[in-house]
Asks: 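Got a structure for you, written out below as structure tokens; questions coming shortly.
Proteins come first, then strands; the chains are lettered A, B, ... in the order of their sequence lines, and each starts at number 1.
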Number of protein chains: 2
Amino acid sequence: MNPAEAVNALGALAQGTRLDVFRLLVKAGPGGMAAGKIGESLEVPAATLSFHLKELAQAGLVEARQENRFIYYSADFEHMNQLLAFLTQNCCEGGGSCALPQFQAPSRTRQRAGTKRRGRQT
Amino acid sequence: MNPAEAVNALGALAQGTRLDVFRLLVKAGPGGMAAGKIGESLEVPAATLSFHLKELAQAGLVEARQENRFIYYSADFEHMNQLLAFLTQNCCEGGGSCALPQFQAPSRTRQRAGTKRRGRQT
DNA sequence: TGGATATTTGCAGAACCATGGAAACATGAA
DNA sequence: TTCATGTTTCCATGGTTCTGCAAATATCCA
């Protein structure tokens, strides 16, 4: 993650509708949510939603996958982790007085085995 | 942290100069840095820097304190932590398959070493 | 094929944001 | 008080973003 990427990602999240969308997708988990369902949940017109989903996708925060007639959007957890790591990097010059977590981005999204996934979509 | 606050904070960070300033202050730690020094480090004209510092302060990400003729700016680590917690909240409906850290904002009363703040003055 | 559903693109106006020079303001020293 | 230094406010300019209608595109089913 470099500063320009971080600015893009932060800019993508710095808008009410997009933040709502992203949090909804974070909640939804890896399975994601179809665009129409998102618009329905948040009561956002399709065109407006599409604009925002594009912004989020360009910023690397969400991914789209086509499934039949639906397009499922899901949060890109790994990219988000990288952003969080970037923001807390070098806190207090690495000294012990640090008030932010020395947050490490995992190299891959960590999935735990034996989970009780409830994210399966309609 | 509520969505509107988060949008403000993210918007404040979603700009190159401001992100640079904030990260510089995160690096600098609780002691912070005088405005002039920040401008010097980042080569930003005083008027421009002042504008951005105001934005960051209004978003609750930095705090200012006057010290003689200098104004020291420092990152508000607690507010930043709240933002990070907000962004990772309710990940995957709280299920075990979560790919984001279940990040907890430290409570106001349990400050880590180095931060001896006791409230925000705006 | 035609029709229904799902989503994106084009567009234009309004609103908002970034920049930096000049001037004003605040603080401390002499 | 006067001066020097540090910081902010004012302001004009140019740029970017948000919104949602209408139209276009994509996919599936009969």
Asks: Across the strands shown, which category fits B:Y72 at heavy-atom distances under 4.0 angstrom: base, sugar-phosphate, nothing?
Replies: nothing

Asks: Assess the residue pair A:E63 and A:H79 against the criterion (side-chain contact (heavy atoms from CB on, under 4.5 Å)); give the C-alpha distance rounded to whole Å, side-chain angles, the decisive distance to 0.1 Å, and a yes or no.
Replies: CA-CA 10 Å; A:E63 294 173 307; A:H79 200 258; over 6 Å; no

Asks: Map B:A35 and A:N68 onto DNA chain D by nearest heavy atom, then report which one ends up closer to the 5' terminus.
Replies: B:A35

Asks: CE of A:M33 versus P of C:dA6: gap in Å, rounded?
Replies: 14 Å

Asks: For DNA chain C, whose closest nucleotide is more 5', that of A:T48 or that of A:R69?
Replies: A:R69

Asks: Rounding to an integer number of Å, can you tell me how far A:L53 CG sits from C:dA6 P?
Replies: 16 Å

Asks: Check the pair A:V21 / A:L49 against side-chain contact (heavy atoms from CB on, under 4.5 Å), numbers first and verdict last.
Replies: CA-CA 9 Å; A:V21 170; A:L49 180 64; 3.8 Å; yes

Asks: Could you tell me how far apart B:R65 (CZ) and C:dA26 (C1') are, to the nearest whole angstrom?
Replies: 18 Å

Asks: Which one, C:dT19, C:dA22, C:dT8, comes nearest to the side chain of B:Q15?
Replies: C:dT19

Asks: Starting from C1' on D:dT5, measure out to CZ on B:F70 and report it in whole angstrom.
Replies: 8 Å

Asks: From D:dC28, D:dT9, D:dT7, pick the nucleotide closest to the side chain of B:K54?
Replies: D:dT9

Asks: Whole angstrom is fine here: how far is it from CG in A:L49 over to P in C:dT9?
Replies: 13 Å

Asks: Rounding to an integer number of Å, can you tell me how far B:Q66 CD sits from D:dT5 P?
Replies: 18 Å

Asks: Side chain of A:A47, heavy atoms from C-beta onward: which of D:dT8, D:dG20, C:dT19 has the nearest atom to it?
Replies: D:dG20

Asks: Would you kindly check if the NZ (Lys) or CZ (Arg) of B:R23 is within the cone defined by 45 degrees around the ring axis of A:F86 and under 6.0 Å from the six-membered ring centre?
Replies: yes

Asks: Closest approach of A:A59 and A:A12, non-hydrogen atoms and distance?
Replies: CB-CB, 3.5 Å

Asks: Quick one: does B:N68's side chain have a donor or acceptor within less than 3.5 Å of a partner on B:F70's backbone?
Replies: no

Asks: Give the rounded distance in Å between these two atoms: CZ of B:F51 and P of D:dT8.
Replies: 13 Å

Asks: Just the rounded figure in Å: distance from C1' of D:dT5 to CD of B:E67.
Replies: 16 Å

Asks: Does A:R18 or B:K37 map to a spot on DNA chain D nearer the 5' end, using the closest nucleotide for each?
Replies: B:K37

Asks: So which nucleotide from D:dT8, D:dC18, C:dT27 ends up closest to the side chain of B:I71?
Replies: D:dT8

Asks: Any idea which of D:dC18, C:dG20, D:dG6 is nearest the A:H52 side chain?
Replies: D:dC18

